[in-house]
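Note sheet for the following structure.
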Amino acid sequence: MLPSTQRMSDPTNKLYYGDNLEVLRDYIPDQSVDLIYLDPPFNSRQDYNVLFAEKDGSRSASQITAFKDSWEWNLEAERTYQEVVESGGRVADAMRAFRTLLGGSDMLAYLAMMAPRLVELRRILKESGSIYLHCDPTASHYLKLIMDAVLGPQMFRTEIIWKRTNTHSDSKRWSDVSDSILYYSKSSSVIWNPPYAEHSEKYLETKYRYSDDKGRYRLDNMTSPSPRPNMMYEWKGFPSPPLGWRYSRETMAKLDDEGRIQYPNSLSKRPQLKRYLEQSSGVLMGNVWTDIPPINSQAQERLGYPTQKPEALLERILKASSNEGDVVLDPFCGCGTTVQVAQKLNRRWIGIDITHLAIGLIKTRLDDAFGPEVRKTYQVIGEPTDVRGAEQLAAENKYQFQYWALGLCGARPAEAIKKGADRGIDGRLYFHDDRSGDSKQIIFSVKGGQNIGVAEVRDLIGVLQRERAEIGVYISFAEPTKPMQKEAAEAGFYTSADGSKYPRLQLLTIAGLLNGTQRLQRPLHVRDVTFKKAPRSRADAPRTSPSTSPTTNPAPTARHIPAWGEALG
C-alpha cells in the first residue's frame, strides 16, 4: 500500500514504474484501452546502452546499460512456462508445441515471458481496439503464433514492414534492413482512420497535368461503367453514353455550376470531370513503409536511448487506430516516444517501464516537449513519494535507488555504475553559465545507508578536485553530522559568470529533496545540458479531459522492480 500522498485524485495519464505484468494484472481494468503499441526486447542477446554526451561533447566510451536483452532457460523460466501451460487454452497449446520444437532453450524462456503479457493485453483491450507488436526476425515468427493463439488468427490484420535502415554488409546473407509490426484487432469492429500519403512528383506530373484559376487538376471519366437506364440522357448537346452517365442530371448541373466539367470541342467526344489536387486525400498507404527514416545520430529528436523509435512511426499508428480522447498504452515504454506522441495528439496514455532511468528520461522529455505545465496532466506511480518508500527501494535495488535519487536533482547516472568502476561518482549534471560554449559539471555521490561520516565528504572533495568539477553534491538518508557540515563549508563557493555564488560542496537529504526544504543550488541562467533536450512538440500541450482513472486501487511500490529481463545494473 502506497502512502496516502500518492493516492491522490488521478490525473488523466499514468506513468507506471514496475514489472508490466504485475501492473497490467493489478491496476488496468478489463476493456479500458483503445490502442496498444509495444516494442518489447527481441531476445537479440545484446546489451542495450544509453549514450550520454561527455563534457567535451563526445559520446561516452562507457555507457549505462539500459537493459540486457538476454534470456536464459532456468528455474524461473521453467516456473513461468508452467504457469502459462497450467492456465489452459490455445496459448497453453502453443507453448507446449514450442517446448517440443525448441526444448528448454533461451528462446522458450523469452516466449514464456511474453505469453502472459500478451494475454493480459488482450484482456484490457476494448472490443474496438488494436494491438501493434513491433518485432524483428529474431522472434517475430514465434510471436505471431502466440498472437494467433491469444487473439485468434482471424484477428490478424496485416504485417507492416518498416524499413529502418539502409543496406549494409552482412556475412553471406541478405542485409537486414527492416522490422515487422504485427497488427491485430480485438474484433471486426475496429477503429480505423485510413492513412494517406502524398502523391509522388512523378505521379503528379503524369496525372495532374492541367491547371486553372482553381488549381491543379486531372481529368476523370464521367460515363457509367455499368448499365444505368435512368442515367441515359442528353447533356448540353452531348448524347448519352451507351451505358449512361455516372451522375444524375441534378449532380451534373451542380458540377457544371462549379466549373468542374471540361467540355471537348467536338460532340463526338465526351465531357470529363475535373478532379482538383487539393480535394485529393493522397494515396492510400500499404503495409510496406519506406518513407519513415530511422533516428540517425544527427536527428533532433534523438535522445540517446537504445531502440528509440521515430515519432513519425508512432504518429502514423496512433492516427490510424485511435481518435482524440482514446487511451493508448505502451507496456515497454523506454524513453517514451509513444507517450509523447499520444500527448501531442490529444490521446490519453498509460506507460509502463521497469527502470527509473527510463521514467526519469520520460519526465524530462515531456517537460522539454510541452513545458512544465504538462506535469499536471500525468501521474507517476510506483516511485517513492516519502522516505520510507525510498528506503525500501534502496534496500531492494541500490542502482535503481541511485537513478531515482539523481532524478530528484535532474542529474543522470555516471557511466558504468558498478562496484569499483564509478571512481567515486554516482551521477553527473552538466551546465553552461556563460557564452564560452564550454560545459561545466556537477558530480554526485548517493549514499543509500544510514552510516555516514566526514570521511565520505573528504573523499568527494578529492573527486571534485580530480575531475575539475565546479560543484559536488552528497545525497543521503541521514542528516549530515556537524563535522561533515564543517568540511563542506570549508570547500568554499563556486562563482558563476554573473557573479552568483553557490556552495561548492552541498549536503542534501532524501527527506529534504522530497518535502521541498532542500534543493540543488546551481546556475540556471544559461542552460542545462545533462540530457539531450527533446524538441518542442509542434502542438501545444494537449487539452486535458476529465479524469478517467485506469483504477482506484493503490499503485505498485518499489517491490515490483525486477521480473522481466535483467534491469539496469
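What you see below is based on every heavy atom in this structure, not just the backbone, and it leaves out hydrogens, waters and symmetry mates.
Ring-centre distance between Tyr378 and Trp349: below the 6.0 Å cut-off. Taking the six-membered ring where the residue is Trp, the centroids of Tyr132 and Tyr37 are separated by 6.0 Å or more.
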Exercise for the section: List the steps and the verdict of salt bridge (Lys or Arg N to Asp or Glu O under 4.0 Å) for Arg316 and Asp291. Expected result: CA-CA 11 Å; Arg316 181 168 297 174; Asp291 61 325; 2.6 Å; yes

Exercise for the section: Could you walk me through whether Cys409 and Leu508 pass side chain to side chain contact (heavy atoms under 4.5 Å, CB included), step by step? Expected result: CA-CA 10 Å; Cys409 296; Leu508 305 177; 4.2 Å; yes

Problem - Residues Ile160, Ser180; criterion side chain to side chain contact (heavy atoms under 4.5 Å, CB included); working and verdict - result: CA-CA 6 Å; Ile160 297 165; Ser180 294; over 6 Å; no

Handout entry: Verdict with reasoning, Arg458 to Glu490, per salt bridge (Lys or Arg N to Asp or Glu O under 4.0 Å)
Key = CA-CA 11 Å; Arg458 291 171 181 156; Glu490 290 178 355; over 6 Å; no

Exercise for the section: Kindly determine whether Ile471 and Gln506 satisfy side chain to side chain contact (heavy atoms under 4.5 Å, CB included), including the steps that lead there. Expected result: CA-CA 8 Å; Ile471 297 172; Gln506 301 176 27; 3.6 Å; yes

Practice task
Walk me through it: do Val328 and Ile350 pass the test side chain to side chain contact (heavy atoms under 4.5 Å, CB included)?
Solution key: CA-CA 6 Å; Val328 177; Ile350 301 170; over 6 Å; no

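A donor atom on one side chain and an acceptor atom on the other are found under 3.5 Å apart for Thr337 and Arg365. Remark: the Thr509 side chain and the Gln518 side chain contain an N/O donor-acceptor pair separated by less than 3.5 Å. For Glu456 and Tyr474, the side-chain atoms include at least one donor-acceptor pair closer than 3.5 Å.
Between Glu315 and Lys309 there is no salt bridge, since none of the side-chain N atoms of the basic residue sits less than 4.0 Å from a carboxylate O of the acidic one. Between Arg347 and Glu324 there is no salt bridge, since none of the side-chain N atoms of the basic residue sits less than 4.0 Å from a carboxylate O of the acidic one. Salt-bridge check for Glu391 with Arg388: failed, with every basic side-chain N at 4.0 Å or more from each acidic carboxylate O. Taking the charged nitrogens against the carboxylate oxygens, Lys344 and Glu311 do have a contact shorter than 4.0 Å, which makes a salt bridge. Ionic pairing of Arg117 and Asp19 is present here: one or more N-O contacts between side-chain nitrogen and carboxylate oxygen are shorter than 4.0 angstrom. Between Lys440 and Asp434, at least one side-chain nitrogen of the basic residue sits less than 4.0 Å from a carboxylate oxygen of the acidic one, meeting the salt-bridge criterion.
If you take CD1 on Ile475 and OG on Ser445, they are separated by 8.5 Å, rounding to the nearest 0.5 Å. With values rounded to the nearest 0.5 angstrom, Ser496 atom OG is found 12.5 Å from His432 atom NE2. Expressed to the nearest 0.5 Å, how far CG of Asn346 lies from CG of Asp326 amounts to 11.5 Å. Once rounded to the nearest 0.5 Å, the distance linking CG of Leu121 with CE of Met114 reads 7.5 Å. Atoms CD1 and CG, on Ile317 and Leu35 in that order, are 7.5 Å from each other to the nearest 0.5 Å. In this structure, OH in Tyr183 is found 4.0 Å from OG in Ser321, a value given to the nearest 0.5 Å.
Residues Leu505 and Phe493 are not in side-chain contact: their nearest non-hydrogen atoms beyond the backbone lie 4.5 Å or more apart. Using a 4.5 Å heavy-atom threshold, the side chains of Ser500 and Tyr494 count as separate. Looking only at side-chain heavy atoms (C-beta outward), Val473 and Val446 stay at 4.5 Å or farther from each other.
Counting all heavy atoms, side chain and backbone alike, Ile36 lies closest to Pro331 at CG2-CD, 4.3 Å. In this structure, His134 and Pro40 approach most closely via the heavy-atom pair O-CD, 3.5 Å. Shown here for Asp433 and Pro523, the closest heavy-atom pair between the two residues is CB-CB, 3.7 Å. Listed here is the closest heavy atom pair of Pro384 and Ala390: CB-N, 3.5 Å. Residues Ile425 and Ala414 come closest through the heavy atom pair O-CB, 3.4 Å.
Within 6.0 Å of CG on Asp30 lie more than 12 heavy atoms contributed by other residues, nucleotides or ligands.
If you run side chain to side chain contact (heavy atoms under 4.5 Å, CB included) between Leu329 and each of Asp34, Thr338, Leu125, Leu24, only Leu24 comes through. Screening Leu429, Asp426, Leu460 for a side chain to side chain contact (heavy atoms under 4.5 Å, CB included) with Ile443, the sole residue that qualifies is Leu460. Just one residue in the list Tyr399, Tyr403, Tyr17 forms a ring pair (Phe, Tyr, Trp, His ring centres under 6.0 Å) with His356, and that residue is Tyr17.
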